[in-house]
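Remarks on the structure that follows.
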Amino acid sequence: TQLLEQSPQFLSIQEGENLTVYCNSSSVFSSLQWYRQEPGEGPVLLVTVVTGGEVKKLKRLTFQFGDARKDSSLHITAAQPGDTGLYLCAGTNTGGFKTIFGAGTRLFVKA
Amino acid sequence: NAGVTQTPKFQVLKTGQSMTLQCAQDMNHEYMSWYRQDPGMGLRLIHYSVGAGITDQGEVPNGYNVSRSTTEDFPLRLLSAAPSQTSVYFCASSQALPRGGANVLTFGAGSRLTVL
């Protein structure tokens, strides 16, 4: 059974601080995605990574896919209150159609 | 707007009742899936389909049935609801994957189900 372990589960920080969220597995994934979810809505895609070692940047967000394609991280620089939300990592199996999610990291950025 | 439409948004059932959560997408996506979201547990995959007539089980399939008679629709059936099925249910869809490609999911707004 594939599992994605996400940490931390909850993070409360001050505006301007940096943070990193981790997503780890013992399984290899063909791709990994990061989603953000607001209350009462479905998750919305932030980024997809498909190549081991890949790094993608989205403004103040930096995403990295591990060399072995088993783990990923999300780093936010100078967090802002607008970054508050639930961040979810998701991995797709090497067969290509089964996507599982981590438990999520609930981020709260205080002004 | 194009996307994934789920109905109903809210539903209250009594234990033992049956119901169907509806999901429709108008993006001609091959892949559709159902997840449930419970506090502290992220999204767990219930069932998924890679095309009309093809379905497969996910992580937590027990107590749920699905069928895929058309590309657009992927209903989730609860045959005999239990309190443990109280959750928020999300339907998602994506395009057919190129070899080694990413499964980028588009989600519906969710259906909140309470089983008493």
Side-chain angles (χ1 to χ4, degrees), chain A residues 1-11 21-25 27-52 54 56 63 65 69 72 85-106, chain B residues 1 3-6 9-10 21 23 25 27 29-51 54-61 68 74 87-112:
Chain A
T1 302
Q2 292 182 307
L3 290 173
L4 270 172
E5 295 183 355
Q6 198 171 332
S7 62
Q9 285 197 323
F10 182 81
L11 198 54
V21 177
Y22 299 94
C23 185
N24 297 298
S25 177
S27 302
V28 176
F29 293 99
S30 64
S31 68
L32 201 141
Q33 293 81 44
W34 286 91
Y35 291 81
R36 178 177 164 179
Q37 186 179 19
E38 302 292 343
E41 300 178 5
V44 175
L45 180 74
L46 291 174
V47 79
T48 260
V49 284
V50 296
T51 304
E54 184 176 2
K56 281 192 174 179
F63 305 85
F65 201 13
R69 305 208 321 273
S72 181
L86 180 66
Y87 291 83
L88 297 156
C89 67
T92 299
N93 67 344
T94 51
F97 293 110
K98 189 173 179 179
T99 297
I100 62 170
F101 282 76
T105 295
R106 190 164 297 280
Chain B
N1 289 339
V4 179
T5 303
Q6 289 184 236
K9 288 189 70 66
F10 301 95
L21 297 177
C23 177
Q25 53 90 10
M27 298 172 285
H29 283 174
E30 291 292 322
Y31 176 91
M32 296 185 75
S33 54
W34 276 102
Y35 291 87
R36 60 177 289 174
Q37 186 173 32
D38 302 295
M41 301 189 75
L43 284 89
R44 291 184 290 170
L45 182 63
I46 304 172
H47 286 286
Y48 64 101
S49 169
V50 300
I54 306 170
T55 63
D56 206 347
Q57 295 182 347
E59 303 167 279
V60 288
R68 185 93 179 271
F74 191 43
S87 188
V88 181
Y89 292 84
F90 287 96
C91 179
S93 72
S94 65
Q95 292 179 321
L97 298 176
R99 180 177 292 276
N103 191 23
V104 176
L105 297 170
T106 300
F107 282 87
S111 297
R112 184 176 293 274

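Chain A is the first sequence line, chain B the second, and so forth, proteins listed ahead of strands; every chain is numbered from 1. Note: hydrogens, waters and symmetry copies are ignored here, and every other heavy atom, side chains too, is used. Bear in mind that the values here come from a model prediction, so they are computed numbers and not experimental data.
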Identify which part of A:Gln37 has an atom lying under 4.5 Å from any heavy atom of chain B, answering side chain, backbone, both or neither. side chain
Of all pairs that satisfy salt bridge (charged side-chain N to carboxylate O under 4.0 Å, His left out), the ones with a partner from residues 38-47 of chain B, not counting sequence neighbours: B:Arg36-B:Asp38, B:Asp38-B:Arg44
With under 30° as parallel and over 60° as perpendicular, where do the rings of A:Trp34 and A:Phe63 fit, or are they tilted in between? tilted
Where does A:Gln33 contact chain B at under 4.5 Å (heavy atoms): side chain, backbone, both or neither? side chain
What part of A:Tyr35 is in contact with chain B, defined as an atom under 4.5 angstrom from a non-hydrogen atom: side chain, backbone, both or neither? side chain
A:Glu5, CD atom: more than 12 neighbouring heavy atoms under 6.0 Å: no
Residue from B:Asp56, B:Thr106, B:Leu105 scoring the most non-hydrogen pairs under 4.5 Å with chain A is B:Leu105
What distance separates B:Ser94 OG from B:Tyr31 OH, expressed to the nearest 0.5 Å? 6.0 Å
Picking from A:Gly42, A:Ala90, A:Gly102, which has the most non-hydrogen pairs under 4.5 angstrom with chain B? A:Gly42
To the nearest 0.5 Å, tell me how far A:Tyr22 OH sits from A:Ser7 OG. 7.5 Å
Report which part of B:Leu45 has an atom under 4.5 Å of a heavy atom belonging to chain A: side chain, backbone, both, or neither. side chain
Go through the atoms of A:Leu32 and report whether side chain, backbone, both or neither lie under 4.5 Å from a heavy atom of chain B. neither
Derivation of the side-chain hydrogen bond (donor to acceptor under 3.5 Å, both in side chains) call for A:Thr92 and A:Thr99: CA-CA 4 Å; A:Thr92 299; A:Thr99 297; 2.8 Å; yes
Of the backbone (N, CA, C, O) and the side chain (C-beta and beyond), which part of B:Gln37 lies under 4.5 Å from a heavy atom of chain A, both, or neither? side chain
